[in-house]
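Only a predicted model underlies this, so the values are computations on that prediction, with no experimental measurement involved. Atoms within each ligand, like the ligands themselves, are counted from 1 in listed order.
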Amino acid sequence: MKNYTLVLLALAFMTIVQFTITSCQYKNEEEFFCDTSNVTYSVTITKILQDNCYRCHGKASNSKSGGIILEDYNVLKTFAADGRFYGNAAHLPNYIPMPFDGGMLTDCQIRQIKNWVDKGYPQN
Ligand code: HEC
């Protein structure tokens, strides 16, 4: 009985160690693979918006939240220029945090947006 308890304890301990190692690796990998040097509108930015924003700000979205169609580059450009694209995405103070219904983009996605905006939001 005593041995059995010890084995269970050992198993629990190993699971915790394994979990800790895995989550650290995952974090490092995301950090490692966060590519902020090749950010383009056509691939990087569009993908982020598609996955997180177009369901409200897309051309086909019924609600067209706030009447803002970010799928239109010319619209997105104006919000990139006035700081609201980055400010809302990064949840900066005094901005409206997006996505509107909760959650937040990953650190990596926010850095990619910042990088693209800082480069003058090219339609590349
Ligand atoms: C669930 C729907 C929804 C999603 C998803 C969503 N938005 Fe919004 N968004 C809104 C609504 C509603 C408004 C209008 C808010 C207001 O004016 O109070 C808005 C407004 C905005 C504005 C202009 C608001 C301002 O600051 O004046 C920007 C920029 C914006 N959203 C960016 C984004 C980005 C970037 C994403 C994806 C990361 C996103 N939104 C995802 C609903 C959404």
### Message
Tell me the nearest of Leu70, Ile110, Thr78, Asn88 to atom 22 (C) of ligand 1, using heavy-atom distances.
### Response
Asn88
### Task
With heavy atoms of Phe85 as the reference, note each atom of ligand 1 found under 4.0 Å away.
35 (C)
### Query
Near atom 8 (Fe) of ligand 1, is there an N/O/S atom from Ser65 that is less than 2.8 Å away?
no
### Message
Please say yes or no: joined through hydrophobic side-chain contacts below 4.5 Å, possibly via intermediate residues, are Tyr86 and Phe100 part of one cluster?
### Response
no
### Query
With a cut-off of 4.0 Å, which atoms of ligand 1 are near a heavy atom of Asn52?
5 (C), 37 (C), 41 (C)
### Side chain, backbone, both or neither: the part of Ile48 lying under 4.0 Å from ligand 1 by heavy atom
neither
### Task
Decide yes or no for Ile113 and Leu105: does some side-chain heavy atom of the first lie under 4.5 Å from some side-chain heavy atom of the second?
yes
### Query
Got a second to check how far Ile69's CD1 is from Glu71's CD, nearest 0.5 Å?
8.5 Å
### Query
Taking only residues two or more places apart in sequence, or in another chain, which ones meet Tyr121 in a ring-ring contact (aromatic ring centres under 6.0 Å, His included)?
none
### Message
Minimum heavy-atom separation for Thr36 and Asn115, please, with both atom names.
### Response
O-ND2, 2.8 Å
### Task
Could you tell me whether a side-chain N or O of Thr46 sits under 3.5 Å from a main-chain N or O of Val43, the two making a donor and an acceptor?
no
### N or O pair under 3.5 Å between Arg55 and ligand 1
no
### Message
One residue to check: Cys53. Relative to ligand 1, which of side chain, backbone, both or neither has a non-hydrogen atom less than 4.0 Å away?
### Response
both
### Task
Give the atoms of ligand 1, by number and element, whose distance to some non-hydrogen atom of Phe79 is under 4.0 Å.
23 (C), 29 (C)
### Query
Relative to each other, are the rings of Trp116 and Phe85 parallel, tilted or perpendicular (30° and 60° limits)?
perpendicular
### Summary
Judged by heavy atoms only, the candidate from Gln109, Met98, Met104 nearest atom 13 (C) of ligand 1 is Met98
### Residue-ligand contact Tyr95/ligand 1, heavy atom below 4.0 Å
no
### Message
Looking at Asp35 and Arg111, is there a salt bridge between them, counting it only when a charged N and a carboxylate O are closer than 4.0 Å?
### Response
no
### Query
Considering distance alone, does some N or O of His57 sit under 3.5 Å from an N or O of ligand 1?
yes
### Query
Which heavy atom in Asp82 sits nearest to a heavy atom in Phe79, and how many Å separate them?
OD1-O, 3.0 Å
### Message
Tell me the nearest of Ala80, Gly102, Pro99 to atom 41 (C) of ligand 1, using heavy-atom distances.
### Response
Pro99
### Message
Heavy-atom distances under 4.0 Å decide this one: backbone, side chain, both or neither, for Phe100 against ligand 1?
### Response
both
